[in-house]
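The structure under discussion appears below in the form of structure tokens.
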Amino acid sequence: MSTPSAREYVRDSVRELLPQVRLRHWGRWVIAAVILVILGALAYGASQGDISWRDIPYYVISPIILQGLVNTIILAVAAQVSAVILGVIIALMRISENPVAKWFAAAYTWLFRGLPVLLQILLWYNLALIFPRLQLGIPFTDVVFVDLSTNAVMTTFVAAFLGLMLNESAYMAEIVRAGLNSVDRGQIEAAQSIGETPLQRMWRIVLPQAMRVIIPPTGNDFINMLKGTAMASVIGYVELIRAANNIASFNLQVMETLIAAAFWYMVIVSVASVGQSYLERSFDRSDRARGGPTRRARRRLARDLVTPPLVRSHP
Amino acid sequence: MTNIQAAPQRPLLDAVRVSKHYGSNEVLKEVSLQVAAGEVVCIIGPSGAGKSTFLRCINRLEVPDAGEVWVDGQAMGFEERDGKLHELTERKLSKQRASTGMVFQHFNLFPHLTVLGNVMEGPVRVQKRASKVVETEARAVLERVGLGDKIDSYPSQLSGGQRQRVAIARAVAMKPLFLLFDEPTSALDPELVGEVLTVMAGLAADGMTMLVVTHEMGFAREVADRVVFMADGGIVEQGTVDEVLVNPREARTKRFLERVLA
């Protein structure tokens with residue numbers, strides 16, 4: 001093989017480059033076209049349906065649907081917040097040194113995670129069938145502090161709340177336990193070495209670090225909880241679906257009212273998703289923990305970015 | 001050997017026949033050690049000798065199976081009442097621990113707190129001191145370990161040597177009676193060992209009472225008032241640097257020194 005001479009190199013560096021023909025990706029065009037055709041066909045088909053689209057906005061803002069929306073949110077928030085608190089307690093029992101507490105927590109999780117939520121709601125709602133009265137007193141004596149009719153206590157809200165909350169608390173216990181276990185043992189020892197009490201160690205050192213692991217699945221669970229409230233409609237709690245059905249039961253616009261409910265589900269789920277990513281960011285100091293810029297440095301960086309450079313490098 | 005006399009008052013740290021076992025493995029066999037205020041004691045020995053376990057028994061991160069650890073006249077983990085030692089609750093034990101400081105092999109800095117936050121955590125949360133005063137002190141301590149310009153950084157942004165110096169500052173900020181060092185340079189890159197040892201030598205020069213488990217023979221030779229050689233869960237011999245490192249009497253010590261100094 002002969003090495004090219006210096007002259008050949010010079011010629012190569014001055015000659016014009018050959019034109020290049022880019023690959024056309026015909027496959028992508030075909031697939032895109034097929035998708036658009038199918039969507040068009042579906043839209044046309046939907047427009048031929050026996051549905052009065054014009055009525056849907058009216059249902060979206062109707063007082064009955066809005067009341068259902070409020071009830072859905074109240075039930076979901078109440079059940080989720082209580083489940084988080086109960087879940088933390090169960091998780092702490094699970095990781096404690098007390099064998100009875102450990103065993104109880106494991107059994108609790110096994111039971112309330114194992115049963116379908118709908119079944120749990122139905123069991124609570126029908127509690128009066130086996131316990132007509134709820135009494136708080138001292139057994140084997142006549143001392144009774146509280147005596148209530150079960151049906152008066154077990155409203156549709158309470159039954160749905162208990163079913164959803166107890167099931168979710170079992171899941172939360174597992175999430176919290178995973179979060180607590182994710183914190184390095186050395187962190188607890190360091191906190192011990194500076195004299196922190198068990199409560200301080202948990203609150204100041206372990207929980208803030210465990211939050212990074214706990215928040216994302218908790219957010220997912222809350223979104224599931226928002227949709228899970230639909231099961232409360234079965235026992236007559238007037239959440240979104242029951243509200244939609246209530247309207248449809250006298251004007252038969254079943255689909256119109258359900259689509260209005262669907263609209264609100266999408267809205268609250270989207271809001272919850274945004275809230276989740278905001279929470280994640282505020283608790284996730286891992287950008288800094290991974291060596292990213294501090295808040296002060298980021299602010300400086302942002303300021304530098306908006307300051308126009310003195311000399312532009314390109315005309 | 002040390003002059004163990006029937007002193008009218010106990011030394012600052014007095015460990016009496018401390019034993020610890022994991023399963024059938026006896027890690028510590030009735031280890032006794034006294035450290036006087038202002039003394040720097042280095043514990044050396046092969047891995048598995050029980051050095052770290054002994055250190056952790058002193059501030060009760062590890063609960064000894066038997067034996068007593070007296071710190072400044074108080075039995076760690078106990079309350080002396082009617083001639084008996086009554087075990088303390090975890091809360092009260094925590095209060096006792098605040099008078100001791102510890103530096104770990106793997107630093108164990110709090111990753112969610114800044115350097116300043118790490119150093120202020122103990123004085124503010126445990127000792128409940130005014131954060132204004134604590135901050136001034138913390139800045140001074142960090143300045144002393146050479147990290148005055150890193151107070152707003154997070155631990156992950158620091159090198160291993162810098163992290164360990166923060167950990168030392170965190171322990172010092174508590175104004176402890178003594179400091180326990182558990183192989184403080186073993187997890188460091190070789191070129192970062194020096195900066196940590198320099199800070200430790202500075203503390204020793206200031207009169208800080210220190211009990212140091214280390215593999216750094218150079219440091220022991222330069223700084224230690226007393227060297228303790230441990231092997232197989234017991235103290236084999238102890239004495240001045242000359243007595244233990246230069247002219248060891250026990251064959252076990254000689255063998256160890258030949259291997260590490262070779």
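Below, chains carry the letters A, B, ... as their sequence lines are ordered, and counting in each starts from 1.
Although no hydrogens or angles enter the test, the distance criterion places a donor-acceptor pair under 3.5 Å between the side chain of A:Q187 and the main chain of B:L109. Panel note: side chain B:S94, backbone A:E196; a donor-acceptor pair is recorded below 3.5 Å.
Note on A:A191, A:G195, A:G186, A:P198: by heavy-atom pairs under 4.5 Å with chain B, the leading option is A:G195.
For a residue to count as touching a neighbouring chain, one of its non-hydrogen atoms must lie under 4.5 Å from one of that chain's; by this rule A:Q200 touches chain B with the side chain only. Using a 4.5 Å cut-off between heavy atoms, B:R56 touches chain A through its side chain atoms alone. For A:R204, the parts lying under 4.5 angstrom from a heavy atom of chain B are both the backbone and the side chain.
Counting non-hydrogen atoms of other residues, nucleotides and ligands closer than 6.0 Å to CG of A:L148 gives a total above 12. The environment of CD in B:E79 is crowded: more than 12 heavy-atom neighbours from other residues, nucleotides or ligands sit within 6.0 Å. Enclosure of atom CD in B:Q74 is not indicated, since only 12 or fewer non-hydrogen atoms of other residues, nucleotides or ligands lie within 6.0 angstrom. Within a 6.0 Å sphere centred on NZ of B:K95, heavy atoms belonging to other residues, nucleotides or ligands number 12 at most.
B:F110 places none of its side-chain heavy atoms less than 4.5 Å from the side chain of A:P208. Taking 4.5 Å as the limit, every side-chain heavy atom of A:R212 sits out of range of all side-chain heavy atoms of B:H112. Contact annotation: the side chain of A:D184 never approaches that of B:H106 to less than 4.5 Å [non-hydrogen atoms, C-beta and beyond]. Using a 4.5 Å cut-off on side-chain heavy atoms (C-beta onward), B:M102 and A:Q192 make no contact.
Considering every non-hydrogen atom in both B:F104 and A:A190, the closest pair reads CE1-CA, 3.7 Å.
One finds the CZ atom of A:R201 at 16.0 Å from the CZ atom of B:R125 (value rounded to the nearest 0.5 Å). The CG atom of B:N108 lies 11.5 Å from the CD1 atom of A:I194; values are rounded to the nearest 0.5 Å.
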